[in-house]
Structure formats: structure tokens, C-alpha cells
Amino acid sequence: MKKILITGGAGFIGSHVVRLFVKKYPQYQIFNLDALTYAGNLENIVDIENEPNYTFIKGDIVDAPFIDALFAEHQFEGVLHLAAESHVDRSITDPLAFVRTNVIGTVNLLNAAKECWKDDFTDKLFYHVSTDEVYGTLGETGLFIETTSYDPNSPYSASKASSDHFVRAYGETYHLPYMISNCSNNYGPNQFPEKLIPLFIYNIVQEKSLPVYGDGKYTRDWLYVLDHAIAIDLALHKGKVGETYNIGGFNEWQNIELVKLLCKIMDEKLGRVPGTSEQLISYVKDRPGHDLRYAIDASKINKELGWKPSVTFEQGLERTVSWYLENQTWLNNITSGDYATYYEKQYN
Ligand code: NAD
Ligand code: TYD
């Protein structure tokens, strides 16, 4: 594969994946297709925009004729699909937006790839980036493995589960070569401040309250975003066609414990008296259908492909906090405009 279409490359994870591919593979032509929704931001990849092997295309994966024409024009050999509506809280207020992008958009890409590659599937690949949330929730114990039954609880995870099923079905029915990876919660630079970690960093800087849902005892498995990008690169190049790989951080944290650690790091960075930021914690109404615990068993990708996280949580969180503090303009640009309306609706 030399001509790769990456979707959602102006978003959080996509921007790190695009950068990695553009820099590591000068012999590839990387096409970044993104609709630039509220979550897409070309500032995330400004450093690579003039690279000779990189092209940005603004467009919507829901627009089937546009997607078909794009494949006909460029004859992509690989698709690395990350474009999605990605925030659980937004999926609770507007599920159809998630059906449109995550389900219909994915099927549009599958159709276009199938049509484009129909005469020859050799060296072609549709790589679908998904989430551990498709497996539903764990109790106090256990881990998600690749064969755990799908049991999604939020409109977001239901839409991602549906897209995973379509990708697999295109493999079975039309022999479309595919791979899927299901990853745990990512954190790191360039994440939109609606997700837990960047939202709380932003609020601590502004001395605004930190809205912890329910009792804060919900558990997530956190992975530094660059380690996710590295895992995708490895699986795409070395993984087996038709396989699923679970990717995780081996790093479970209860929300409240994570928030306290973040407060401690922020107090140090901002030169505030220890304990200052913790006073901003406020327990608020729980998220409906809130999954208790996610935790990934990433031993398959570890054993078969030799992947493991390269960054500890302490290192990753420290880097993340520093990045947000050094990139206040990025944050200010993002939090102007619609952000205030979103925040008001979600938290007040
Ligand atoms: P994000 O919301 O930051 O970025 C999504 C990107 O997709 C944005 O640039 C947006 O403009 C683009 N996009 C949205 N709708 C589009 C459409 N209709 N057409 C074209 N582009 C569109 O998301 P993220 O957190 O970077 O997640 C990327 C992928 O990884 C998603 O598929 C998500 O389900 C998956 N994932 C995310 C996490 C996580 O913790 N963030 C964990 C596991 C898997
Ligand atoms: P989030 O970053 O939205 O990721 P996901 O829902 O995909 O896991 O949330 C991570 C955890 O933090 C989740 O248990 C919900 C919780 N949370 C809060 O307690 N308060 C908040 O304001 C947000 C955004 C999340």
C-alpha cells in the first residue's frame, strides 16, 4: 500500500496518526479526509501541512457520491478510518448524528473501497479504528479480550459496535481485506476539552469547578495517544488481515483518583498551594447508562506484534499537562464559539 486515505486526521487521535505516517513513510502518499466538525482542527497538524507526501481534503464521509468520486479519482490502496463522532455525552443528546457519521459514513467508505478494489484485493486493507466501549461494561473484575461479546450501552458505543459489525460483514461477504482495533481511553495533546482530562485541565487553569459524574468510582484504562498511533502503525503493517487487536494501557484508574492526581500535578505546575485544585471537585448528576469499568487485555497485540505502551501514566500525564499549559492559544481558539453553548447545556 502506497496511497493511504486516513479519515478524521484533523481530530485528536487522527492528527497523531497522520503525523506519524507522513513522517515515517515518505514513500507513501497520505490523504487526510476530514469534515472539520467542531472536533476537527487543522492547527493540530499545521507542522506537516507542507510535506510533499501529504494532502488534506475537506469532506464528509456521509456524502456517498463524494466518497465514491474520491476513490475513483485517487485509487487509494489503503484506508485508515478514524473519522467519527466520539463523545459519549453528545451521543446521549443527539444519537442520530452518531448513526450518520459512525454507521452510514463507515458503510459509505466500505462501499467505495469494495467498488474501487473489486478486481484485485491484493495488498489492499481497510483498517477500522474502534473502541473498547463496544464490549459494554465490566464489573469489579475481568478484562475485555478480542472475543468478548459486544454489549454496547451508549448511543456512541452502539454506533461504533454497528460500524465494527459492518466492517467484519464486508470481510465475510465480499472478502474485503480488513483489520479492526479496539482501544481504551486515550489522553494526550490536542484532545478536545469535552473529554475528562483536557476538560479538567482547562477548568483547573480557569479555577472553574470540576464536574465529577456520580460518585467518581467509574474506572477507565488510559493510554497515551502516541502509543495508540504506534500500535495502529504496527498492526496495519504487521498484523493479520481479518483480525481484531485490543489495545490498552494496562493502566486502570478510578475517575476520582485520576482527578486527584491531575489536581496535584496542576498545583505543582501552576505554583499553587498543594490541595488548592482539589477544592474545585464537585460531584454532579451521573451520566445516564454510565459504564462502570473498562479494562483491556492487550496481550494479543503484545505477544503477536511485540507492542506495549512506551510511556508511563505519570510521564504521559505530565507531558499532557505541560502541552496544554504551553498551548493556551490552541485552547482559547477551540473554546471560543460553540464551546460555551455546549458547556452551558451539558453542565448547567
Ligand atoms: P475526535 O472527535 O477528536 O476526532 C474525530 C475527527 O473526525 C474530527 O477531526 C472530525 O472533524 C472528523 N469527522 C467527524 N465526522 C466526520 C464526517 N462525517 N466526515 C469526515 N470527518 C468527520 O475523535 P478521536 O478521539 O480522535 O477518535 C478517533 C477515532 O478513535 C474514533 O473512531 C473513535 O471512536 C476512536 N477511539 C477513540 C478513543 C478515545 O479515547 N478518544 C478511544 C478508542 C477509540
Ligand atoms: P470521557 O473522557 O467522556 O470518556 P468515556 O466516556 O469515553 O470513557 O469520560 C471518562 C470518564 O470520566 C467517564 O467515566 C465519565 C467521566 N466524566 C466525568 O466524571 N465528568 C466529566 O465532565 C466528563 C466529561 C467525564
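Numbers here are sequence positions counted from 1. Both backbone and side-chain heavy atoms feed into the values below; hydrogens, waters and symmetry mates do not. Note that ligands are numbered from 1 as they come in the structure, with each ligand's atoms numbered from 1 the same way.
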Any N/O pair Lys160/ligand 1 closer than 3.5 Å =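 N/O-N/O distance under 3.5 Å: yes.
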
What part of Leu36, side chain from CB on, backbone N/CA/C/O, both or neither, has a heavy atom under 4.0 Å from ligand 1?
->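 Under 4.0 Å from ligand 1, Leu36 contributes backbone atoms alone.
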
Return the option from Gln346, Arg293, Arg287, Arg220 holding the heavy atom at the smallest distance from atom 3 (O) of ligand 2.
->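 Among Gln346, Arg293, Arg287, Arg220, the closest heavy atom to atom 3 (O) of ligand 2 belongs to Arg287.
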
Which is closest to atom 7 (O) of ligand 1 in terms of heavy atoms, Ala83, Ser159, Ser181?
->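 Selected option, by shortest heavy-atom distance: Ala83.
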
Could you find the nearest protein heavy atom to atom 24 (C) of ligand 2 and give me its residue, atom name and distance?
->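 For atom 24 (C) of ligand 2, the nearest protein heavy atom comes out as Glu194 O, 3.3 Å.
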
Which atoms from ligand 1 have a heavy atom of Leu82 less than 4.0 Å away?
->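 Near Leu82, the atoms of ligand 1 are 28 (C), 29 (C), 31 (C), 32 (O).
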
If the plane angle is over 60° it's perpendicular, under 30° parallel, otherwise tilted; pick one for Phe121 and Trp117.
->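 Phe121 vs Trp117 ring planes: perpendicular.
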
Atoms of ligand 2 close to Tyr347 [distance to a heavy atom under 4.0 angstrom, numbered from 1] |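 The atoms of ligand 2 under 4.0 Å from a heavy atom of Tyr347 are 21 (C), 22 (O), 23 (C), 24 (C).
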
Lys/Arg-Asp/Glu bridge criterion (N-O < 4.0 Å) met for Lys23, Glu51 =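 Glu51 and Lys23: not salt-bridged.
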
Tell me: protein heavy atom nearest atom 25 (O) of ligand 1, and distance?
->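 Nearest neighbour among protein heavy atoms for atom 25 (O) of ligand 1, to 0.1 Å: Phe12 CD2, 3.7 Å.
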
Does Thr37 reach ligand 1 with a nitrogen or oxygen that is under 3.5 Å from one of the ligand's nitrogen or oxygen atoms?
->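 Right, the criterion is met.
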
Which is closest to atom 5 (P) of ligand 2 by heavy-atom distance: Gln191, Glu133, Lys195?
->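 Result: the heavy atom closest to atom 5 (P) of ligand 2 is in Glu133.
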
Look at atom 11 (C) of ligand 2 and find which of Asp132, Asp89, Asp291, Asn255 reaches it with the closest heavy atom.
->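 Residue with the shortest heavy-atom distance to the ligand atom: Asn255.
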
Looking at atom 43 (C) of ligand 1, what's its closest protein heavy atom, distance included?
->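 Heavy-atom neighbour on the protein nearest atom 43 (C) of ligand 1: Cys183 O, 3.3 Å.
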
For the pair His87 and Tyr342, name the ring-plane relationship: parallel under 30°, tilted 30 to 60°, perpendicular over 60°.
->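 The arrangement is perpendicular - the two ring planes meet at more than 60°.
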
Going by distance alone, is a donor N or O of one side chain under 3.5 Å from an acceptor N or O of the other, for Ser163 and His128?
->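 The criterion, which ignores hydrogens and geometry beyond distance, is satisfied for His128 and Ser163.
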
For the pair Phe21 and Tyr28, name the ring-plane relationship: parallel under 30°, tilted 30 to 60°, perpendicular over 60°.
->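 Tilted, since the angle between the ring planes falls between 30° and 60°.
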
Option passing salt bridge (charged side-chain N to carboxylate O under 4.0 Å, His left out) with Asp233 (candidates Arg19, Lys238, Lys24) |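 Exactly one candidate clears the test, Lys24.
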
The one among Ala84, Ala10, Ala39 that brings a heavy atom closest to atom 5 (C) of ligand 1 |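 Of the listed residues, Ala84 has the closest heavy atom.
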
Parallel, tilted or perpendicular: ring planes of Trp330 versus Trp323, cut at 30 and 60 degrees |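 If you compare the ring of Trp330 with that of Trp323, the planes turn out perpendicular.
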
Would you check whether Asn41 has a nitrogen or oxygen atom less than 3.5 angstrom from a nitrogen or oxygen atom of ligand 1?
->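 Not met; the criterion fails.
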
Among Asn186, Leu196, Leu223, which residue places a heavy atom closest to atom 40 (O) of ligand 1?
->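 Residue with the shortest heavy-atom distance to the ligand atom: Asn186.
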
Without hydrogens or angle criteria, can the side chains of Tyr224 and Asn251 be said to hold a donor-acceptor pair below 3.5 Å?
->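 No donor-acceptor contact under 3.5 Å links the two side chains.
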
Nearest option to atom 4 (O) of ligand 1, as decided by whichever heavy atom of Gly59, Gly11, Gly40, Ser86 sits closest =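 Considering heavy atoms of Gly59, Gly11, Gly40, Ser86, the nearest to atom 4 (O) of ligand 1 sits in Gly11.
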
Please state which protein non-hydrogen atom is closest to atom 25 (C) of ligand 2 and give its distance, to 0.1 Å?
->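 The closest one turns out to be Tyr213 CE1, 3.6 Å.
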
Which of the atoms in ligand 1, numbered in the order shown and given with their element, are less than 4.0 Å from a heavy-atom of Ser130?
->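 In order of number, 43 (C), 44 (C).
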
Hey, is Trp222 touching ligand 1 through its side chain, its backbone, both or neither, going by heavy atoms under 4.0 Å?
->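 No part of Trp222 is near ligand 1 at this cut-off.
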
Contact with ligand 2 for Tyr156, non-hydrogen, under 4.0 angstrom =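 So Tyr156 does not count as touching ligand 2.
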
Applying ring-ring contact (aromatic ring centres under 6.0 Å, His included) between His237 and each of Tyr25, Tyr127, Trp307, report the one that passes.
->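 Result for ring-ring contact (aromatic ring centres under 6.0 Å, His included) with His237: Tyr25.
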
Is a side-chain donor-acceptor pair under 3.5 Å present for Tyr294 with Glu133?
->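 Present: a donor and an acceptor within the cut-off.
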
Find all atoms of ligand 1 within a distance of less than 4.0 Å from any non-hydrogen atom belonging to Val129, and give their numbers and elements.
->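 Within the 4.0 Å cut-off of Val129, ligand 1 contributes 30 (O), 32 (O).
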
Proximity flag Tyr156 to ligand 1, non-hydrogen atoms under 4.0 Å |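 Yes; Tyr156 lies near enough to ligand 1 that a heavy-atom distance drops under 4.0 Å.
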
Got an N/O contact under 3.5 Å between Tyr294 and ligand 2?
->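 Min N/O separation from ligand 2 is not below 3.5 Å for Tyr294.
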
Purely on distance, is any nitrogen or oxygen of Asp34 under 3.5 Å from one on ligand 1?
->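 Yes, there is a polar N/O contact under 3.5 Å.
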
Determine, using heavy atoms of Ser15 and all atoms of ligand 1, whether some pair is separated by less than 4.0 Å.
->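 Heavy atoms of Ser15 never come under 4.0 Å of ligand 1.
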
Taking distance alone, with no angle check, do Ile61 and ligand 1 share an N/O pair under 3.5 Å?
->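 By distance alone, the answer is yes.
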
Scan side-chain atoms only and decide if Asp89 and Tyr213 contain a donor-acceptor pair under the 3.5 Å cut-off.
->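 The answer is yes; a qualifying pair exists.
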
Ignoring hydrogens, just give me the one of Ile232, Ile13, Asn190, Asn185 whose non-hydrogen atom is nearest atom 36 (N) of ligand 1.
->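 The nearest heavy atom belongs to Ile13.
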
Taking distance alone, with no angle check, do Asp60 and ligand 1 share an N/O pair under 3.5 Å?
->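 Yes - when backbone and side-chain N and O of Asp60 are compared with those of ligand 1, one distance drops under 3.5 Å.
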
